[in-house]
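All values derive from a computational prediction rather than experimental measurement. In what follows, every heavy atom counts, from backbone to side chain, and hydrogens, waters and symmetry copies are set aside.
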Amino acid sequence: MARLTVDDLEKDIERPEPFEFVARSGKVFTFPHPKGLHYSVWSNLHERRGIAEHLKAVLGDQYDDFVALPEVDGFLMEKILDAYEDHYGIGSRGESQGSSESSTGTVTR
């Protein structure tokens with residue numbers, strides 16, 4: 001019988017450093033890699049088409065504070081999302097660079 005444990009599997013997983021955005025106020029917002037979210041959230045991200053739904057899933061409890069920032073307009077949000085995707089090596093269609101996966105949970109703009 002083949003048996004894998006969580007410890008066996010996790011030892012080979014390389015988790016990237018988190019992506020952070022610092023607001024003018026100094027508040028830090030952490031954008032985790034979509035695959036770092038709990039499976040129940042991650043598995044549904046590909047169904048979320050809008051930026052707001054994606055950000056709610058990724059930012060969690062930080063979402064309301066983030067969208068209340070006066071400096072976050074469409075121009076800045078586009079730059080933040082570009083940097084987020086670049087940091088994690090995620091394509092704009094939600095695919096990891098060099099991967100055929102399409103459910104990593106990035107925003108289609």
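- Summarising the geometry of Trp42 relative to Pro34, their closest heavy-atom pair is CD1-O, 3.0 Å, with the distance given to 0.1 Å.
- Taken to the nearest 0.5 Å, the CD1 atom of Ile80 stands 5.0 Å off from the CE atom of Met77.
- Rounding to the nearest 0.5 Å places NZ of Lys56 at 8.5 Å from CG of Asp64.
- Within a 6.0 Å sphere centred on CD of Glu71, other residues, nucleotides and ligands contribute more than 12 heavy atoms.
- Of all heavy-atom pairs spanning Leu59 and Thr30, the tightest one is CD2-O, 3.5 Å.
- Two residues are said to be in side-chain contact when any heavy atoms from C-beta on lie closer than 4.5 Å; Val58 and Phe66 fail this criterion.
- Aromatic ring orientation, Phe19 versus His87: tilted (interplanar angle from 30° to 60°).
- Clustering ILVMFWY residues whenever any of their side-chain heavy atoms sit less than 4.5 angstrom apart, transitively, puts Leu4 in a cluster other than the one holding Val6.
- Classified by interplanar angle (parallel below 30°, tilted 30° to 60°, perpendicular above 60°), the ring pair Tyr88/Tyr84 is perpendicular.
- A chain of hydrophobic side-chain contacts below 4.5 Å, direct or via other Ile, Leu, Val, Met, Phe, Trp or Tyr residues, connects Val67 to Leu76.
- Evaluation of the side chain to side chain contact (heavy atoms under 4.5 Å, CB included) rule for Phe75 yields Asp73 as partners, not counting sequence neighbours.
- Annotation: side chain of Asp8 is not in contact with side chain of Arg3 (no heavy-atom distance under 4.5 Å).
- Atoms CD and CZ, on Glu20 and Phe31 in that order, are 10.5 Å from each other to the nearest 0.5 Å.
- Within the 4.5 Å cutoff, the side chain of Phe21 has heavy atoms near those of the Leu69 side chain.
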